[in-house]
Amino acid sequence: MSTITFTKHNVSFVLQEKLHLKSFLASILTQEKIHFKSISYIFCTDEFLLKLNKQYLNHDTLTDILTFELSNTRSPLIAEIYISIERIMENALNLKEPFLNELYRVMIHGILHLCDYSDHSIDEKRMMRKKEDFYLNQL
């Protein structure tokens, strides 16, 4: 059985419509033809995500999301997606976007990384944004 879970690490916020959101995120994986066993979203602080970024990627920068594929084989996929709620709040303010829109975009972004989409080059960033918009419109 495939599962998507949401947990919090030292943050206080309430995620609404969890069942609908889980179903929606699973549908992205289905549309992208990715078989998964478990995806865990962990909502955390900037401090915690920075620590992970330094420890696992040797990056000393704040980020809004880190995606880790844990499974040794591609199918079924097991992964953890860490999201800084503080970064989402700040980015939403800076972009003049509602918090939930920015949160959902970043959640989709993490799923897209698991579907082998990258965002290193300008063209890859453009494709990633196009896919994010496509799926946000489905939500």
Side-chain angles (χ1 to χ4, degrees):
M1 179 176 177
S2 299
T3 61
I4 294 178
T5 60
F6 304 121
T7 59
K8 297 181 280 186
H9 182 273
N10 291 335
V11 292
S12 176
F13 97 106
V14 177
L15 187 62
Q16 302 291 326
E17 300 185 34
K18 289 179 188 174
L19 289 177
H20 175 70
L21 195 52
K22 287 177 183 186
S23 176
F24 169 72
L25 294 166
S27 78
I28 294 173
L29 291 160
T30 299
Q31 289 176 68
E32 295 290 335
K33 297 178 177 43
I34 302 294
H35 178 66
F36 75 100
K37 182 175 182 179
S38 99
I39 308 290
S40 298
Y41 280 90
I42 300 95
F43 302 103
C44 59
T45 62
D46 276 346
E47 180 183 1
F48 185 75
L49 202 54
L50 178 60
K51 182 179 173 183
L52 292 178
N53 209 7
K54 286 178 183 178
Q55 182 177 354
Y56 293 103
L57 301 176
N58 294 317
H59 296 161
D60 192 7
T61 56
L62 293 174
T63 186
D64 52 6
I65 187 169
L66 288 176
T67 303
F68 295 101
E69 191 172 327
L70 303 177
S71 44
N72 291 329
T73 60
R74 190 67 184 148
S75 184
L77 177 69
I78 300 170
E80 292 178 343
I81 299 173
Y82 293 83
I83 296 176
S84 168
I85 294 303
E86 292 168 302
R87 262 322 84 218
I88 301 302
M89 287 177 171
E90 188 171 310
N91 290 346
L93 283 172
N94 291 337
L95 297 168
K96 297 177 178 40
E97 284 286 328
F99 169 78
L100 281 181
N101 282 9
E102 185 62 15
L103 178 63
Y104 295 156
R105 179 179 297 282
V106 172
M107 292 175 79
I108 292 166
H109 186 90
I111 290 285
L112 291 173
H113 275 305
L114 296 172
C115 298
D116 290 330
Y117 290 95
S118 185
D119 56 1
H120 297 293
S121 73
I122 291 171
D123 286 341
E124 289 172 338
K125 286 179 184 178
R126 193 175 296 124
M127 175 56 81
M128 181 75 87
R129 181 53 62 121
K130 185 177 177 181
K131 281 287 191 175
E132 289 168 4
D133 289 341
F134 173 77
Y135 289 117
L136 269 174
N137 286 331
Q138 289 185 10
L139 183 61

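Remember, it's a predicted structure, so these values are computed and weren't measured experimentally. One is the number of the first residue; the rest follow in order along the sequence.
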- [ ] Check step by step if side-chain hydrogen bond (donor to acceptor under 3.5 Å, both in side chains) holds for S40 and T5.
- [x] CA-CA 5 Å; S40 298; T5 60; 3.2 Å; yes
Open item on the list: Within the 4.5 Å heavy-atom criterion, are F6 and K22 side-chain neighbours or not?
Closed with: yes
Task: Residue pair T3 / F36, side-chain heavy-atom distance below 4.5 Å - done: no
- [ ] Go through the side-chain N and O atoms of E32 and Y135 and say whether any donor and acceptor fall under 3.5 Å apart.
- [x] yes
Task: More than 12 heavy atoms of other groups within 6.0 Å of M128 CE - done: yes
Task: M89-F48 co-clustered via ILVMFWY side chain contacts under 4.5 Å - done: no
TODO: Go through the steps for D133 and R105 under the test salt bridge (Lys or Arg N to Asp or Glu O under 4.0 Å), then give the verdict.
DONE: CA-CA 8 Å; D133 289 341; R105 179 179 297 282; 2.8 Å; yes
Open item on the list: Is there a path of hydrophobic side-chain contacts, each under 4.5 Å between heavy atoms of I/L/V/M/F/W/Y residues, joining L103 to I42?
Closed with: no
Open item on the list: Measuring from atom CE of M107 to atom CG of L136, what distance do you get when rounded to the nearest 0.5 angstrom?
Closed with: 11.0 Å
- [ ] Would you check if E86 and E47 make a side-chain contact, meaning some heavy-atom pair closer than 4.5 Å?
- [x] no
TODO: State, with a plain yes or no, whether a side-chain heavy atom of I81 is found less than 4.5 Å away from one of I65.
DONE: yes
Task: Sub-4.5 Å side-chain heavy-atom contact between E102 and V106 - done: yes
Open item on the list: Heavy-atom count check: over 12 atoms from other residues, nucleotides or ligands less than 6.0 Å from E17 CD?
Closed with: no
Open item on the list: Restricting to side chain to side chain donor-acceptor pair (under 3.5 Å), what partner residues turn up for E80, sequence neighbours left out?
Closed with: Y82
Open item on the list: Is there a salt bridge (Lys or Arg N to Asp or Glu O under 4.0 Å) between K54 and D60? Walk through the geometry before answering.
Closed with: CA-CA 5 Å; K54 286 178 183 178; D60 192 7; 3.4 Å; yes
- [ ] Following the transitive rule for hydrophobic clusters with a side-chain heavy-atom cut-off under 4.5 Å over Ile, Leu, Val, Met, Phe, Trp and Tyr, establish whether Y117 and L57 coincide in one cluster.
- [x] no
- [ ] Rounded to the nearest 0.5 Å, what's the gap from OG on S27 to CD on Q138? Could you check?
- [x] 6.0 Å
Open item on the list: My understanding is that a hydrophobic cluster links ILVMFWY residues whose side chain heavy atoms are under 4.5 Å apart, including indirect links. Using that, what else belongs to the cluster containing L95?
Closed with: none
Open item on the list: Any side-chain to backbone donor/acceptor pair from K125 onto H120? Under 3.5 Å, distance only.
Closed with: no
Open item on the list: Between F99 and I85, is there a side-chain heavy-atom distance shorter than 4.5 Å?
Closed with: yes
TODO: Hey, could you give me the CG/CG distance between N91 and N101, rounded to the nearest 0.5 Å?
DONE: 13.5 Å
Task: Value rounded to 0.5 Å, distance of OG in S2 from CD1 in I78 - done: 10.0 Å
Open item on the list: Check the orientation of F43 and Y41. Use parallel for under 30°, tilted for 30 to 60°, and perpendicular for over 60°.
Closed with: parallel
- [ ] Find the distance between CG (L50) and CD (Q55) and round it off to the nearest 0.5 Å.
- [x] 11.5 Å
- [ ] Answer whether the closest heavy-atom distance between the side chains of I83 and D64 falls below 4.5 Å.
- [x] no
Open item on the list: Can you tell me how far apart CG (L66) and OG (S84) are? Round to the nearest 0.5 Å.
Closed with: 9.5 Å
TODO: Show the numbers, then the answer: is there a side chain to side chain contact (heavy atoms under 4.5 Å, CB included) between Q31 and F134?
DONE: CA-CA 12 Å; Q31 289 176 68; F134 173 77; 3.9 Å; yes
Task: Worked verdict on L49 versus N53 for side chain to side chain contact (heavy atoms under 4.5 Å, CB included) - done: CA-CA 6 Å; L49 202 54; N53 209 7; 5.8 Å; no
Task: Within one Ile-Leu-Val-Met-Phe-Trp-Tyr cluster: L62 and L52, side-chain cutoff 4.5 Å - done: no
- [ ] Please tell me if the side chains of L70 and F68 come closer than 4.5 Å, counting only heavy atoms from C-beta onward.
- [x] yes
Task: Connected via hydrophobic side-chain network under 4.5 Å: L93 and V11 - done: no
Open item on the list: R87 and side chain to side chain donor-acceptor pair (under 3.5 Å): which single residue from D46, T63, T45 fits?
Closed with: D46
TODO: Carefully, step by step, assess I39 and L29 under the rule side chain to side chain contact (heavy atoms under 4.5 Å, CB included).
DONE: CA-CA 10 Å; I39 308 290; L29 291 160; 4.1 Å; yes
TODO: Please go through L19's hydrophobic cluster and name the other residues, only I, L, V, M, F, W, Y counting, with side-chain heavy atoms under 4.5 Å joining them.
DONE: none
Task: Residue pair V14, Q16: steps toward the side chain to side chain contact (heavy atoms under 4.5 Å, CB included) verdict - done: CA-CA 6 Å; V14 177; Q16 302 291 326; 3.3 Å; yes
